[in-house]
Amino acid sequence: MSFMVGDGSRGWPDHAPYDRILVTAGAPTVPDPLKRQLSARGGRMVIPVGDNDLQELLVVTRNGDTWSNETLMECRFVLLVGDEGW
């Protein structure tokens, strides 16, 4: 088991690529570092994206150099704090 202490909004590139990423704090946009760390063979990330009052829960899927977003529902999460967050 491994642990890292740092800015979670930037992910953990040393262990990428990831098949799945689950973000449990609302971001203003989908952080590019997290998108790049998804596996190019169908990697998926669930992340709340929006403003500080209301976000949309997105599923971001990567296939090669193409990313697609699917909105699941509106939601409210604590804010993602860091270089790629608030």
Side-chain donor-acceptor pairs of residues 11-35 under 3.5 Å, sequence neighbours excluded:
from	atom 1	to	atom 2	distance (Å)
Tyr18	OH	Trp12	O	2.7

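- Applying the salt bridge (Lys or Arg N to Asp or Glu O under 4.0 Å) test to residues at least two apart or on different chains, none of the pairs has a partner in residues 21-30.
- Every pair passing salt bridge (Lys or Arg N to Asp or Glu O under 4.0 Å) that includes a residue from residues 59-71 is listed here, sequence neighbours excluded: Arg62-Asp65.
- The salt bridge (Lys or Arg N to Asp or Glu O under 4.0 Å) analysis of residues 71-86, with sequence neighbours excluded, yields the pairs Arg10-Glu84.
- Across all non-hydrogen atoms, the minimal contact from Asp7 to Val81 is OD1-O, 3.9 Å.
- Tracing side-chain contacts under 4.5 Å through hydrophobic residues (I, L, V, M, F, W, Y), one reaches Met45 starting from Trp67; they form part of the same cluster.
- Taking each heavy atom of Gly50 and Trp86 in turn, the nearest pair found is O-CZ2, 3.4 Å.
- For the salt bridge (Lys or Arg N to Asp or Glu O under 4.0 Å) condition, no pair includes a residue of residues 36-55, sequence neighbours left out.
- Listed by chain and number, the residues in a side chain to side chain contact (heavy atoms under 4.5 Å, CB included) with Thr71 are Glu56, Leu58 (sequence neighbours excluded).
- Of the candidates Asn69, Ile47, Val46, Val59 forms a side-chain contact (heavy atoms from CB on, under 4.5 Å) with just one, namely Val46.
- Under the 4.5 Å side-chain heavy-atom criterion for ILVMFWY residues, a single connected hydrophobic cluster contains both Val49 and Leu38.
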